[in-house]
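Numbers restart at 1 for each chain; the letters A, B, ... are given by sequence-line order, proteins then strands. Atom set for the values below is all heavy atoms of this structure, side chains included, hydrogens, waters and symmetry mates excluded.
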Amino acid sequence: MSTPLVSRQRGPDPGGGAGEVLVARDITKKFGGLTAVNQVSLTVRDGEIVGLIGPNGAGKTTFFNCLTGMETPTSGEITFRGRRLSGGADRITKAGLARTFQNIRLFPFMTAVENVQVGRHCRTRTGVLSAVFRGPRHRREERESIQRARELLDFVGLSRVEAELARSLPYGDQRRLEIARALATDPGLLLLDEPTAGMNPQETRDAMLLVRRIRDTGLAIVVIEHDMRFIFSLCDRVAVLVQGAKLLEGSAEQVQADERVIEAYLGAPVVGAPVDGASGDAETRS
Amino acid sequence: MTTPSMDPDGSGRTGRVAAIRSATRARTAPLTVPLAAAGAALTVAGSLTPWATFFFGYPGKVTLTGFPGGARLYTLLLAVGLLLVVARIAGRRRAVLACALGIVAISVGNLLAIASSGGGLGAVAYGAWLTVAGGVLGALAGDAVREPADSERNLRWGRLWVWAPLEILLIALVLGGLLVAIVIGLKINESSAFVSYLAFLGFAAAAAVALGAGTLVSYVSERHRTVTLAAAAITAAAFPFTQGGDSYWIRVAASIGVFAAAAIGLNIVVGLAGLLDLGYVAFFGVGAYVSALLSNATFTTVHVHVPFGAVIVLGALTSAFFGVIIGAPTLRLRGDYLAIVTLGFGEIFRIVANNWDGLTRGPNGISGVPNINANGFDFGQPHTVFGIVLPGFANYYFLELLLVAGVMVIFANLNRSRIGRAWVAIREDELAARAMGINTVALKLLAFAMGAFLAGAAGTVNAHVTTQVSPDSYTFLESALLLSAVVLGGMGTLPGAVLGSTLLFVIPEKLRTFQDKRLLLFGLALILMMRFRPEGLIASRRRQRELLSEESGADAMSQPGQVARA
Ligand SMILES: Nc1ncnc2c1ncn2[C@@H]1O[C@H](COP(=O)(O)OP(=O)(O)OP(=O)(O)O)[C@@H](O)[C@H]1O
Ligand SMILES: [Mg+2]
């Protein structure tokens with residue numbers, strides 16, 4: 001696929017280390033007595049894929065929620081390209097963090113292309129007056145938005161179904177549509193929450209290819225996954241969360257070889273074989 | 001009213017082809033056709049024979065033989081329709097049912113009315129019984145018909161018609177027919193005859209829709225959008241010329257225009273952004289008070305006169321300002337809470353208007369609001385156009401047409417912009433909308449303010465139409481009626497809001513006898529709607545598919561194909 005690609009807000013970063021996209025420091029999130037995320041730090045650099053693994057209930061999704069402003073961390077600090085992130089989810093998305101959801105959250109009664117166009121919202125500026133009077137800005141942005149949405153649909157391989165309702169798409173297509181929608185916000189960092197959950201092996205392979213192609217455009221990615229083959233063949237670095245705390249962070253080889261990971265999470269040594277995430281029973285879920 | 005729904009989608013092309021291919025021929029039980037034919041024959045016989053045993057002033061000359069008038073004409077027409085459907089296009093379950101149930105409804109209704117005004121069942125003659133029996137037979141026949149899902153058939157129409165002149169003729173016929181139907185309806189004076197007429201129109205329309213007419217019309221009007229809009233405008237503008245100088249119905253139509261403009265504004269809030277606003281009429285009231293106060297009315301507290309062109313903008317802006325004031329702190333609330341707060345605001349507005357004697361003259365209100373005078377053009381004066389005298393109210397009617405057209409353009413253009421998409425996204429999944437970078441609070445506020453703005457504009461005109469404003473015009477009841485107009489007509493659609501307002505206005509005007517039971521009837525109508533057609537009389541396509549899938553319960557979003565992890 002020659003076209004579109006994922007355009008990003010890159011640009012020089014004013015502060016921070018070389019090429020650091022995201023720096024999360026000591027993020028803690030408590031729900032009442034439960035510490036779902038405990039002093040977790042994570043740094044993501046340009047063009048990296050970082051994997052986030054851990055047993056069910058380890059706090060991975062909650063960590064994503066903290067990063068994207070859907071939860072307010074109890075303590076900790078997040079900087080994105082040297083700027084401190086603050087405000088609600090919409091402002092953080094606008095700043096350049098885009099995400100998908102573990103349990104897909106598309107706009108079910110909008111068509112595929114409309115879903116992606118919604119992702120363009122924060123990158124367009126047409127106001128009420130321009131929209132009402134079909135002003136030049138409205139027409140230009142509308143043209144651009146639909147063209148961009150089509151390119152992205154093409155990129156994730158959904159051109160065929162652009163006019164279908166999101167809810168009527170097969171499960172794997174819905175996940176890919178969610179990725180296209182996230183890409184439409186022109187992110188500087190893409191957060192994927194279990195992009196292959198519920199997929200069959202073929203769809204999983206396709207998803208892997210897709211994530212790799214996104215990375216090849218230079219976009220940094222953090223991905224939560226239970227599929228170990230996915231993680232170990234794709235990620236430059238892997239962080240392991242157990243009971244809210246970061247147990248370990250390192251290259252795929254380091255993590256695979258680590259005794260504590262094997263014990264706490266993997267259960268048995270793996271050689272590229274997928275492992276059921278639920279087998280390590282470090283759950284805090286009630 | 002046949003403008004297409006303003007949904008920005010053109011979905012379903014692939015599915016359509018498949019549906020057409022798989023469309024199977026309807027199967028019909030062997031006895032169905034004779035049964036329906038017998039029902040139609042009985043109905044024809046019943047329609048031509050007396051429905052009442054003696055003359056007691058019931059409309060439609062129901063004691064005569066061989067003279068179908070009033071209700072009997074309608075059952076006769078429906079019977080002919082029934083015959084046509086059965087003979088020409090066998091297997092049209094819904095069309096057969098619509099005709100047959102129409103016959104049953106009209107005949108039973110009139111039978112009861114004859115019995116009650118003629119002093120018991122003795123007043124009912126055999127013709128009425130024959131007709132009821134005919135209708136029941138027809139309904140039994142219709143019930144026995146099985147048919148392919150209607151979408152398949154309806155969609156075939158959309159592809160069949162390709163010859164432009166014919167299509168444009170069809171648009172003209174539909175709109176012309178609509179105008180004729182309205183003019184005829186307005187001339188019917190007796191309540192029972194009017195109800196029969198309405199029932200006839202309703203069931204005949206249902207039969208036509210069941211045969212795919214609705215889809216056909218909506219495809220055709222979509223293909224010739226400009227022509228349709230122009231034709232609709234011409235039809236609407238033609239209405240005052242049909243009234244022979246009489247101002248009564250023109251006055252009612254002008255009120256409908258005000259109401260419809262406000263309803264479309266409410267449709268932005270409720271239909272697009274999905275916010276329940278129960279105090280909406282207060283915004284309408286703000287506009288009306290601004291207009292009345294700035295018009296130098298006879299009984300007023302502010303003795304200034306501002307040109308109406310400026311007043312309409314001022315009223316709309318003031319109203320939008322209040323929208324923001326009310327919305328800003330409350331739009332963070334969800335659903336029910338928002339409804340309660342808006343309900344409260346509506347009451348506060350009324351109570352303030354009722355007590356602030358220094359400005360609003362309290363319960364007396366501002367009265368003697370003069371006619372609009374724009375550059376020497378006095379809206380109160382009759383004018384002669386094309387040799388036809390138009391009463392003064394026609395001026396307001398045309399002003400209303402302009403207002404409604406403007407409001408429609410605003411609604412449609414917003415709906416088909418990034419703003420409209422964001423509203424719908426918020427309605428479908430607020431959290432996901434936020435995660436996509438949509439400032440949900442700001443956009444909800446915008447919806448609220450837009451709604452208030454349009455209501456305010458409508459209110460400024462209304463002050464001149466009614467020549468007075470007083471607090472009791474802006475009760476919760478009015479908000480509820482506006483909301484009913486939107487829901488009844490169809491949430492999120494423009495023709496729906498206009499149709500809803502028209503029905504809610506014309507029916508009470510016509511059914512003076514039922515005036516005190518008006519609300520009871522509306523309530524009943526709404527309950528029936530919710531049960532049988534929750535998407536409203538004219539459904540927006542998005543809304544229709546939401547409800548359809550809720551019904552079927554098959555939801556891909558909630559049933560991941562395989563949950564097992566690879
Ligand atoms: N809003 C909330 N209120 C209270 N507890 C919560 C909330 N959200 C998450 N939790 C709890 O926090 C813990 C971490 O949950 P989280 O969803 O982040 O786990 P996860 O690592 O994503 O697990 P999985 O692999 O199953 O997706 C769980 O015990 C969960 O029950
Ligand atoms: Mg999770």
- Task: Could you check B:Glu428 against A:Met110 for side chain to side chain contact (heavy atoms under 4.5 Å, CB included), going step by step and ending with a plain yes or no?
- Result: CA-CA 9 Å; B:Glu428 294 202 351; A:Met110 291 176 121; 4.0 Å; yes
- Between A:Asp90 and B:Asn439, does a side chain to side chain contact (heavy atoms under 4.5 Å, CB included) hold up when you go through it step by step? CA-CA 6 Å; A:Asp90 49 319; B:Asn439 185 341; 3.4 Å; yes
- Task: Determine, step by step, whether B:Leu414 and A:Val128 satisfy the side chain to side chain contact (heavy atoms under 4.5 Å, CB included) criterion, reporting the C-alpha distance in whole Å, the side-chain angles of both residues, the deciding distance to 0.1 Å, and the verdict.
- Result: CA-CA 7 Å; B:Leu414 282 178; A:Val128 174; 4.2 Å; yes
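Ranked by heavy-atom pairs shorter than 4.5 Å toward chain B, the options A:Val118, A:Val161, A:Thr124 are led by A:Thr124. Of the residues considered (A:Gly69, A:Cys122, A:Ser130, A:Gly88), A:Cys122 shows the highest number of contacts with chain B, using heavy-atom pairs under 4.5 Å. Between chain B and the options A:Arg99, A:Arg134, A:Glu141, the largest number of non-hydrogen pairs under 4.5 Å is found for A:Arg134. By number of non-hydrogen pairs under 4.5 angstrom with chain B, the leading residue of A:Gln117, A:Met70, A:Glu162, A:His138 is A:Gln117.
Here the straight-line distance linking atom CZ of A:Phe107 with atom CZ of B:Arg427 works out to 12.0 Å at 0.5 Å rounding. Note that OG1 of A:Thr185 and CD1 of B:Ile438 are 11.0 Å apart. Values are rounded to the nearest 0.5 Å.
Side chain of B:Asn413 to backbone of A:Val132: a donor-acceptor contact under 3.5 angstrom is found. With hydrogens and angles ignored, the 3.5 Å screen pairs no side-chain donor or acceptor of A:Glu114 with any backbone N or O of B:Arg421. In this structure, A:Thr93 contributes its side chain and B:Ala435 its backbone to a donor-acceptor pair below 3.5 Å.
Annotation for A:Phe133: atom CZ does not count as buried by contact number, only 12 or fewer foreign heavy atoms lying within 6.0 Å. Atom CZ of B:Phe322 has 12 or fewer heavy atoms from other residues, nucleotides or ligands within 6.0 Å.
For A:Phe230, no part sits under 4.5 Å from any heavy atom of chain B, backbone or side chain. No part of A:Arg139 comes within reach of chain B, as not one of its non-hydrogen atoms sits under 4.5 angstrom from that chain. Of the atoms belonging to B:Leu443, it is side-chain heavy atoms, and not backbone ones, that fall under 4.5 Å from chain A. For chain B, no part of A:Arg91 is nearby; none of its heavy atoms comes within less than 4.5 Å.
Under 3.5 Å, the side chains of B:Arg418 and A:Thr126 contain no donor-acceptor pair of N or O atoms.
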